[in-house]
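Scroll down for the structure; my scribbles are underneath it.
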There are 2 protein chains.
Amino acid sequence: MKQSDIDDILINPDQYLRNVLVDNVIFGYHNKELKVLLQQPIALDKWTVTGGYIKKTESIEEAANRIAYSRTGLKNLFFQQFRAFGNPTRSIDGSKNAKNFTKLSGIEVPDDLWIFDYFVSVGFYTLTEFSMVKIEKGVYEAECQWWPIDDLPALMFDHEHIISEALKALRLHIAHYPIGYELLSEKFTLPEIHSLYETILGKPLDDRNFAKRLMATGIIVKLNETKRIGAHRSPFLYRFDKEKYNEGLENGAALAF
Amino acid sequence: MKQSDIDDILINPDQYLRNVLVDNVIFGYHNKELKVLLQQPIALDKWTVTGGYIKKTESIEEAANRIAYSRTGLKNLFFQQFRAFGNPTRSIDGSKNAKNFTKLSGIEVPDDLWIFDYFVSVGFYTLTEFSMVKIEKGVYEAECQWWPIDDLPALMFDHEHIISEALKALRLHIAHYPIGYELLSEKFTLPEIHSLYETILGKPLDDRNFAKRLMATGIIVKLNETKRIGAHRSPFLYRFDKEKYNEGLENGAALAF
DNA sequence: TGAATAGTGTCTTTAAGACAGTATATC
DNA sequence: GATATACTGTCTTAAAGACACTATTCA
């Protein structure tokens, strides 16, 4: 749990559910790079994924969305619940006992204050195109920035585990459902979507087989336009067939890479 | 939330996490039938899946196990988290406001008591062989019994949805990982495991292709014994190769039915 | 015409799916 | 020998995977 959240829930304890929160692993893709949005609470040297408490009036999905919106300024991002984390070690941390809390905040609190009990975290991941994001850090965050998924800073609690589980879930998802609508421009080239899949999966995919299979699903449509990319052959542009895409999200699209 | 749980958490509020609980959908298999263990709290006419609060000293997995043990008397059952449920409508229910609560229990409580806020439910499912289970109903349950999955009684809250999501998760699991170790005798016949798969998936599977594929995974081993089943040809007995089975649980076993 | 990237077709191998007749045990 | 169940092999079709050359653009 982050210092800022402790403050927030102390100031407005009545509007939040207790002992349960949402952690939302925000993945950002841009130009063959996959990154994750992390924040560093003031007065702590470790980083956390974005997360927050759940209001009594909202669902866990709404909470995950609200958190993503508050950091990225974007709505209608693709997001997905992947699993919940909950065990007593989630509270064994320097910030999670009364003495340390008082030292950090100057506020005196009883030893058995309920916020020192562990919190069950419901994990979501969210996908976004990171060049479109104007990061808005929270008032209690010293920093909020993108980190490459294979070069993460020191993370609080089990957040490294949460990120790796989120990535595992994302890679499983990509093998069964279409992906990319929120990550590419409306019109995109075959090499662009090819790179997206390679980057998320972290492995090369044969370009001929990739194009063959992707076209076979019908979720993308070739346009009669090309994109000029300089001193090279101009690639054709494609767009998603939103109907087929949504159908794929519902029923699965056979793209088992 | 069940009446019994409300009592329990009122009597011992300090040992449990607040606003979060575990619901454990216990599936029972026996003789070509798949059932789910449901309980009916005293003074209510609707049924619920088994569930309970999470102690501050235990993980959500330990809580799910404790619940399964308390109802079935069995340990080391196969269980799996599938997803969390949380939205404000989870608290709109006859038992979830102060007036009704007082009417049912005779205990006066304030209108804004925290237990009337909604609870996030972390959903697990558990598999067991139901002829081995001696059902132990909780002190606050009027009934606790097996129900066929395609003939359920009226269920509280979103519990029908929880069961259908659990079943969906189980069927997804069975397509990617081995299953059955906890559901069959140590030695079993091909027709027995064939029926198990057909029952869980709810559809017929070609017997020749099933045997071919199952043997190809190496997770079962043919023994040099047969089982006498009366006036018919005696089927051979098989057992699981526990090493291959566990490896399949870790890395997946290609059995995409 | 050289450099960089786009785009595409064929063959092989493997897996999935459909399908039916023989073998065995007991009465 | 009648009956009920166990057991298994082949063919067809579809998908996956490996693989390399031609086309375009522009400097």
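Please read these numbers as outputs of a predicted model, since none were measured by experiment.
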ask   = Would B/Leu155 and B/Thr48 satisfy side chain to side chain contact (heavy atoms under 4.5 Å, CB included), going step by step from the backbone distance to the final call?
value = CA-CA 6 Å; B/Leu155 289 155; B/Thr48 69; 5.9 Å; no
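To the nearest 0.5 Å, the span separating CD1 on A/Ile26 from CD on A/Gln39 amounts to 8.0 Å.
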Quiz: residues 183-196 of chain B side-chain donor-acceptor pairs under 3.5 angstrom, not counting sequence neighbours:
| residue | atom | partner | partner atom | Å |
| --- | --- | --- | --- | --- |
| B/Lys187 | NZ | B/Glu225 | OE1 | 3.4 |
| B/Lys187 | NZ | B/Glu225 | OE2 | 3.0 |
| B/Thr189 | OG1 | B/Glu192 | N | 3.2 |
| B/Glu192 | OE1 | B/Thr189 | N | 3.0 |
| B/Glu192 | OE2 | B/Lys227 | NZ | 2.7 |
| B/His194 | NE2 | B/Glu198 | OE2 | 3.4 |
| B/His194 | NE2 | B/Leu205 | O | 2.7 |
| B/Ser195 | OG | B/Pro191 | O | 3.0 |

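With hydrogens and angles ignored, the 3.5 Å screen pairs no side-chain donor or acceptor of A/Asp158 with any backbone N or O of A/His161. Checked by atom type and distance alone, the side chain of A/Thr72 pairs as donor or acceptor with a backbone atom of A/Leu74 at under 3.5 Å.
Following rounding to the nearest Å, B/Lys212 (NZ) and C/dG17 (C1') show an atom-to-atom distance of 8 Å. The distance from atom CG of A/Leu190 to atom C1' of D/dT24 is 15 Å, rounded to the nearest whole Å. Protein atom CG of A/Asp207 is 13 Å distant from nucleotide atom P of C/dT5, rounded to whole Å. As rounded to whole Å, 19 Å separates atom P of D/dT5 from atom CZ of B/Phe236. If you measure from atom CG of A/Leu214 to atom P of C/dT8, you get 13 Å, rounded to the nearest angstrom. When rounded to the nearest whole Å, the span between CG of B/Leu205 and C1' of C/dC19 equals 16 Å.
Within a heavy-atom distance below 4.0 Å of DNA chain D, no residue of residues 193-204 of chain A is found. Listed by residue number, the members of residues 221-232 of chain B with any heavy atom below 4.0 angstrom from DNA chain C are B/Arg228, B/Gly230, B/Ala231, B/His232.
Counting only heavy atoms from C-beta on, B/Arg213 has its side chain closest to C/dG17 among D/dA18, C/dG17, C/dG7. For B/Ser234, counting side-chain heavy atoms from C-beta on, the closest listed nucleotide (D/dA16, C/dA16, C/dA25) is C/dA25.
A donor atom on one side chain and an acceptor atom on the other are found under 3.5 Å apart for A/Thr126 and A/Asn24.
Residue B/Pro191 is the one, among B/Pro191 and A/Asp206, whose nearest nucleotide of DNA chain D lies closer to the 5' end (criterion: closest heavy atom).
A salt bridge links B/Arg66 with B/Glu58: the distance from a Lys NZ or Arg NE/NH1/NH2 to an Asp or Glu carboxylate oxygen falls below 4.0 Å.
For D/dA18, its base sits under 3.5 Å from the side chain of A/Asn209 at one donor and acceptor pair at least. Applying the 3.5 Å distance criterion, the base of C/dA25 shares no donor-acceptor pair with the side chain of B/Arg233.
Annotation: cation-pi pair A/Lys242/A/Tyr181 present, NZ/CZ under 6.0 Å from the ring centroid and within 45° of its normal. For the pair B/Arg71 and B/Tyr69, the cation-pi criterion (under 6.0 Å, within 45° of the ring axis) is not fulfilled.
OP1 or OP2 of D/dC21 has not a single side-chain nitrogen or oxygen of A/Arg208 nearer than 4.0 Å.
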